[in-house]
Amino acid sequence: MLNPVDSHTLIFFVNGRKIVEENADPEELLLPYLRKKLLLTGTKYGCGGGGCGACTVMVSTIHPVSKKILHFSANACLLPICSMHGAAVTTIEGIGSTTTKLHPVQERIAKAHGSQCGFCTPGMVMSVYSLLRNHPEPTMEQIYESLGGNLCRCTGYRPIVDGCRTFCNKTDCCQVKENGMEKISTPDTVDNILTGLFKEEQFLPLDPTQELIFPPELLLMDKEKKEKLFFQGGRMTWISPSSLQELLQLKATYPKAPLVVGNTIVGRCPEMKFRGIFHPVIISPSRIPELNFVIHKDDGITVGAACSLTVLKEALKEVVTQQPEEKTKLFHALLQQLETLGGPQIRNTASLGGNIISRSPTSDLNPVLAAGNCILTVAAIDGTRQMPLDEAFFAHSLKAEEVLVSVHLPYSKKGDHYSVFRQAQRRENALPIVTAGMKVQFEENTDIIKVIRIFYGGVGPTTVFAKTTCQDLIGKHWDDHMLSEACRLMVHEITLSPSAPGGMVEYRRTLTISFFFKFYLEVLQRLNHMGTHYSDVSALNSFETLCNENVQLYQDVSSRQSVQDPIGRPIMHYSGIKHATGEAVYCDDMPCVDGELFLYFVTSTKAHAKIVSLDFSEALAQPGVVDVVTTEDCPGTCKSMFEEGEVLCVGQIICAVLADTPARAKKAAAAVKVVYENLEPVILTIQEAIEHNSFFKPQRKLENGNVEEAFKSADQIQEGEIYIGGQEHFYMETQSIRVLPKGEDKEMDVYVSTQDPTYIQNLIATILNVPSNRITCHVKRVGGAFGGKTTKTGNIAAITAVAANKYVLFKSHSKVSETRRAVRCVFERGDDMLITGGRHPFLGKYKVGFMNDGRITAVDVAYFSNAGCTPDDSVLVVEIALMNMDSAYRLPNVRCTGTACKTNLPSNTAFRGFGYPQAAFVTETWISEVAIKCRIPPEKVREMNLYKDISQTHFRQEILARTLGMCWNECMEKSSYNSRRLAIENFNKDNYWKKKGLAIIPMKFPIGSLAKFFGQAAALVHIYLDGSVLVTHGGIEMGQGVHTKIMQIASRELGIPLSYIHICETNTSSVPNTQVSGGSLGTDVNGMAVKNACEILMQRLLPIRSKNPKSSWKEWVTEAYMQSVSLSATGFCRSTGEGNPVHYCVYGVACSEVEIDCLTGDHKNLRTDIVIDFGCSINPAVDIGQIEGAFVQGLGLFTIEELKFSPNGVLYTRGPAQYKIPSVRDIPEQFNVSLLSNVPNSCAIYSSKGVGEPALFLGSSIYFAIKDAVLSARRERGMSELFTLNSPATPEKIRMACGDQFTDMIPQNVPGSYVPWAVNV
């Protein structure tokens, strides 16, 4: 038991302001401290695990040894405030604001259109700001590296990179032209085409001398005599020793206390945060000089255990530039691993010692350190010892009282050969699936193996030494016989249970020998012994690196258009600057009111069970807990919010706990005792649902033409099936609701991050049994949604409202009263992913009839979606899928059925594309198979079957498809498809282990709705006496730029500058009965409503303007007021597309090129060209941003993002550590977008088109390019050209589809003979 001690005073600085915390709580992290105590809400919560970068801040500290001031980016969600003693923290608010002065990085990211929903933007800004503090003129490589720990779900990264590129020294930047807007002449158009979306010459210059200085007081503090620091909290004590001797004494006293430097293991892994493991004592050795040194010795370098990975990296870089290559082979190998280990925020804070001591099974460093014979120095109170970092270390941890002091990294010797390998789901900031470190040393002047050391990560509970293999290889020649023997030995030695955690068993085992083969070739190459293996040299080649060029082409406005008219111009997002300064307010940024409570849900841990009993007593007894909310608290008729009888999935909401802090609510929720009785069956997969006939009704069917006759007359028939997995929305702002009872007439203000405030208003009114006019929903902005903040948010908001509606005791100012309380519910990332569902997985079973020339004559497809445990929007998603199954092709005879499968998973819901991507993916799959069977290039089959001019769909609606052909032809030309196809064929002939693929994919995305009411919208426009205008409409700003476009529309219609116009928020009291913001209709309908309101106002002002034509806008408004002319108008839009489900179509084509590594399954996206018909763009910057963002989200769907469920229905992938969305390195190296010119659309406002959803499917061009590359490999290996590559095309699937002698060596696990770690749902 810890003796009580007096806590020290915690002193640190935030944005130049001194923070003195007399009673610092070691359990408190920097992020909630900044947000809740200092009210610096610009730093965002995105994941709580250091995986998304939304909480990035800059930390400045004095190095304990060099005494240099270090500036580095860090994740505030991982940093305990006690670790900040003596440090200076800079947040987004500290570098610039709209009220003082913008920092150039804030301005450039905003004006380069690098912000959409804006939730990730402060983190992006701070990552680049931290880079600029160290490198005022960075290289492009440094920019990419600085952004490697930040995720964005909206932009597709390209505009962020382009904005940051402007800081580069132009001689170091690979650019065709300087960033900026430029006109280019095109002979086939009337008006010129613009390229570029911003003007770099207008940016503020970067002046490094104007940055915040490091606080002098901290410099003086550092010079004072160091003492041991104690920070005592309610449950935990944080101790920071000042010397190694103090540390050893502490470890002797508290042997179970973990050592924490960057908190990236104790705080980041599931231990404390996600598993609830508690450590009463934490020891922080970060201030100890003996643990922070880097010493250069004759035989290598010794690095202190507390040195960060960034310090290690810089030290290694310094050595490799000073020492001959022969001595630094190990260092080069380590640097290779450090390039992709975590993001920069993690590398800046994580320590070398922590990485080693964790003995993580997927450690990037331990295999290479072990292979390199590195030596650990460990100490205890009774002495110091040295030990090799080898298999003995991995088998047995250090003694509890021992501390790792340093790591010695030896110089390599002549004849040493090192290699390292890793393969992960994503290129960077992703834990490896398998990693390896290998070393071989030969007898002098021979190729006879003297020493060989092979270590693997990812194939065991810790790093694994292939000991038997290595022993048997000693004395053998480095030749093909040795290779065969080594692979045989390794297959027998490195084994995995078929049920091994992490799954991918056959793939991981394949990687072990694939990596060794690469090592074998690398050593042969260094020995100049390639000989007969010359054809294998491609296995050693890096992926091609292209010059980073991004081109955006769009039509300029007419020369006759007024300069003041913003329509058609690339206007910055109206909140872009506020996003970049952190001043944009999101739901959870709003300050708490007195007495506000916090809600946390109790969810089911069983997939299908009866609830036998619920026991709240332990939860209610906890401090700060106010109440438990159950179905009994719902006064209205809608009581399906909670499940208290039978649960149908893991993650289903049972009840909720109210407490005075989020932490207490979470802790109490964990204390609720639920007793279950398991029920059968537990249905998780589509196949299981089919077997059990478990479906939601109605099942849908659509038929056109004579399908059976068409099959009889077809030259060939192809049958097959394809699966596409689900997708997590991963909006950066998690589900957030804040309910404030107003105290009379049962009125409530609901502040909510939603796409559909009217739905939430009506649902809350129903469940509380009050009229809808008592509930006002407010939406300022939403930090990303993509369909995930509609029905799901409604349920969460309704429960929050029920909680706020309860009468509970409220103590304030020594008075106790019974009243309704404000309640806030903000999901943690893991709960958000567990509870809310995502995109529907689909299984498509198809039969296709076609002629030998590739013409499609008949199609019969059955679609099955995994709906989850409740219907939600699932039947409608299937219905839309059936209507969109034609993709861009004229199919004369069609029969298709759609079934929503009822399973014991969280209900899936709306997601960008709403069934189109899944259905179109199935279509493109069988189109590519038709091309193979006909021996015709796939682009020829696609082109011949495209819709042409006026065509009729399979649901018998006529469409005008002229621009589809225009997009196709322009994309073929702009992408240089034919010449690149020839170049790729030549490349593939010359490279056995690397293959390139190319694919061009068309898209016809319908805009409209089956429901007539969906096409209506209203707006309210006020003109004030000073001439300013307030616009309110029913659309929700969630990153798609609808408010920006609405302001542009109002500006044109009223003839006033944009600066006169303001949009405050969307709320149900100003504009009632709004429609959900989705389906890419937001600007179409709300824009028309605003236009209508403005026209009414201008009509009222017409007599005054006619009488005084030379007066100013303000004078007209004043005169109207004096004449009692109403300066407020309601506008309304009613869609004219009645009778047809499709109002118009968006057409587009994408051509993508990739390169794959056949040995690992890795791939690189080299180039993408997109041509799309968006009519006459209202805002090209917004529209191109939507194209790029949707494309990259589609890229994630089809190649990276993979949800994994246990056989018991538990979601494994509950955060960015397990679920990977694309990062900045995953976008195509060359990313070109062209808006088709001179194609007005008569069906929408100003001849524009809806933009939010269509381009997502074009991301499948990456998938089909990968499949094209795999096909080339299979042809060369004599394998079947018809093969199934289920989506997403992950490294595992790519590698196993390529097939070779190494995959053949791995025994196949027989399905049904074991319980898999994960199931394909």
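No hydrogens, no waters, no symmetry mates; every other heavy atom, side chains included, goes into these values. Along the sequence shown, residues are numbered consecutively beginning with 1.
No side-chain heavy atom of Asp556 sits less than 4.5 Å from a side-chain heavy atom of Ile193. Side-chain atoms of Thr1066 and His778, non-hydrogen and from C-beta on, never get closer than 4.5 Å to each other. Between Ser1051 and Pro1057 there is no side-chain heavy-atom pair separated by less than 4.5 Å. Residues Met1098 and Glu1053 have side chains not in contact (no heavy-atom distance under 4.5 Å, counting atoms from C-beta outward). Residues Pro159 and Glu1188 form a side-chain contact, since some pair of their non-hydrogen atoms from C-beta on lies under 4.5 Å apart. Side-chain contact between Tyr759 and Val1076: absent, with no pair of heavy atoms (C-beta onward) separated by less than 4.5 Å. Looking at heavy atoms from C-beta onward, Leu1235 lies in side-chain contact with Ile1187 at the 4.5 angstrom threshold. Two residues are said to be in side-chain contact when any heavy atoms from C-beta on lie closer than 4.5 Å; Tyr1147 and Ile959 meet this criterion.
Checking Val1251, Asp1084, Val1142 one by one against Ile1007, the side-chain contact (heavy atoms from CB on, under 4.5 Å) holds for a single residue, Asp1084. For the side chain to side chain donor-acceptor pair (under 3.5 Å) test with Asn1179, the passing option among Arg569, Lys1045, Gln1048 is Gln1048; the others fail.
For the residue pair Asp1173/Thr963, the side-chain donor-acceptor check at 3.5 Å is satisfied. Judged purely by distance below 3.5 Å, without hydrogens or angles, the side chains of Asp756 and Thr754 never pair a donor atom with an acceptor atom. Side-chain polar atoms of Asp1183 and Ser1177 form a donor-acceptor pair below 3.5 angstrom. Judged purely by distance below 3.5 Å, without hydrogens or angles, the side chains of Ser1126 and Ser1128 never pair a donor atom with an acceptor atom. Using modelled atom types and a 3.5 Å distance limit, the side chains of Gln116 and Gln1186 yield a donor-acceptor pair. Judged by distance alone, the side chains of Thr776 and Asn1067 never bring a donor and an acceptor atom under 3.5 Å apart. Looking only at atom types and distance, the side chain of Gln755 has no donor-acceptor partner in the side chain of Ser1077 under 3.5 Å away. With hydrogens and angles left out, the side-chain atoms of Lys789 and Ser753 include a donor and acceptor closer than 3.5 Å. Between the side chains of Gln106 and Thr581, no donor N or O sits under 3.5 Å from an acceptor N or O. Looking only at atom types and distance, the side chain of Thr758 has a donor-acceptor partner in the side chain of Thr1074 under 3.5 Å away.
With hydrogens and angles ignored, the 3.5 Å screen pairs a side-chain donor or acceptor of Asp832 with a backbone N or O of Gln735. No side-chain donor-acceptor contact under 3.5 Å links Arg1052 to the backbone of Gln564. Remark: the backbone N or O of Lys578 is not paired with any side-chain donor or acceptor of Glu583 at under 3.5 angstrom. The closest donor-acceptor contact from the side chain of Gln552 to the backbone of Ile1184 lies at 3.5 Å or more, if one exists at all. Looking at Asn884, its side chain does come within 3.5 Å of a backbone N or O of Ile880 through a donor-acceptor pair. At distances below 3.5 Å, not a single donor-acceptor pair connects side-chain atoms of Trp1113 with backbone N or O atoms of Ile1056. At least one donor-acceptor pair under 3.5 Å links the side chain of Gln1040 to the backbone N or O of Met1038. Under the 3.5 Å distance criterion, the side-chain polar atoms of Asn1232 are matched with a main-chain donor or acceptor of Val551. Panel note: side chain Arg781, backbone Gly118; no donor-acceptor pair is recorded below 3.5 Å. Side chain of His113 to main chain of Leu197: a donor-acceptor pair is present (N/O by atom type, distance under 3.5 Å, no hydrogens or angles).
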For Val779 and Tyr751, run side chain to side chain contact (heavy atoms under 4.5 Å, CB included): C-alpha distance rounded to whole Å, both residues' side-chain angles, the deciding distance at 0.1 Å, then the answer. CA-CA 6 Å; Val779 186; Tyr751 297 88; over 6 Å; no
Between Lys780 and Glu1065, is the salt bridge (Lys or Arg N to Asp or Glu O under 4.0 Å) condition met? List the steps. CA-CA 4 Å; Lys780 182 76 173 178; Glu1065 66 174 9; over 6 Å; no
For Trp1116 and Asn1108, run side chain to side chain contact (heavy atoms under 4.5 Å, CB included): C-alpha distance rounded to whole Å, both residues' side-chain angles, the deciding distance at 0.1 Å, then the answer. CA-CA 8 Å; Trp1116 290 334; Asn1108 306 286; 4.2 Å; yes
Take Glu1119 and Gln1123 through the test side chain to side chain donor-acceptor pair (under 3.5 Å) and record every step on the way to the result. CA-CA 6 Å; Glu1119 181 60 26; Gln1123 294 185 21; 2.7 Å; yes
Given the rule in the side chain to side chain contact (heavy atoms under 4.5 Å, CB included) test, do Thr1083 and Ile1049 qualify, once you have shown the distances and angles that lead to the verdict? CA-CA 10 Å; Thr1083 300; Ile1049 291 166; 4.2 Å; yes
For the pair Cys1064 and His1062, evaluate side chain to side chain contact (heavy atoms under 4.5 Å, CB included) and give the outcome as yes or no after the intermediate values. CA-CA 6 Å; Cys1064 178; His1062 179 62; 3.9 Å; yes
Between Phe1257 and Phe1005, does the ring-ring contact (aromatic ring centres under 6.0 Å, His included) criterion hold? Intermediate values first, please. CA-CA 9 Å; Phe1257 178 67; Phe1005 192 94; 9.6 Å; no
As a quick check of understanding, evaluate side chain to side chain donor-acceptor pair (under 3.5 Å) for Ser1247 and Asn1241, giving each step before the final call. CA-CA 4 Å; Ser1247 299; Asn1241 170 38; over 6 Å; no
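Closest of all the heavy-atom pairs between Val782 and Tyr586 is C-CE2, 4.3 Å. Between Leu1258 and Phe1191, the shortest heavy-atom contact is O-CE1, 3.2 Å. In plain terms, the two heavy atoms of Ala1017 and Asn1086 that are nearest each other are CB-OD1, 3.6 Å. Scanning all heavy atoms of the two residues, the minimum distance from Cys1145 to Lys1004 falls at SG-CG, 3.9 Å. For Ala1120 against Leu1127, the heavy-atom pair with the smallest separation is CB-CD2, 3.9 Å. Taking both residues in full, the closest heavy atoms of Phe786 and Cys154 are given as CZ-SG, 4.0 Å, listed atom of the first, atom of the second, then distance.
One finds the NE2 atom of His1143 at 4.5 Å from the SG atom of Cys1243 (value rounded to the nearest 0.5 Å). Atom CZ of Phe119 sits about 12.5 Å away from atom CE of Met124, to the nearest 0.5 Å. Thr1130 OG1 to Asn1092 CG: the interatomic distance, rounded to the nearest 0.5 Å, is 9.5 Å.
The number of heavy atoms from other shown groups lying within 6.0 Å of CZ (Phe1132) is above 12. Other residues, nucleotides and ligands contribute over 12 non-hydrogen atoms within 6.0 Å of the CZ atom of Phe1014.
A cation-pi arrangement is absent between Arg839 and Phe914 under the rule of less than 6.0 angstrom and at most 45 degrees off the ring axis. Seen from the ring of Tyr731, Arg153 does not count as a face-on cation partner, given the 6.0 Å and 45° thresholds.
Aromatic rings of Phe198 and Phe203 (six-membered ring for Trp) have centroids within the 6.0 Å cut-off, being under it. Checked against the 6.0 Å centroid criterion, the rings of His573 and His579 qualify as a close aromatic pair.
Taking the six-membered ring where tryptophan is involved, the planes of Tyr574 and His1043 are perpendicular, since the angle between them exceeds 60° and thus also 30°.
The pair Arg824-Asp588 counts as a salt bridge, with a side-chain nitrogen and a carboxylate oxygen less than 4.0 angstrom apart.
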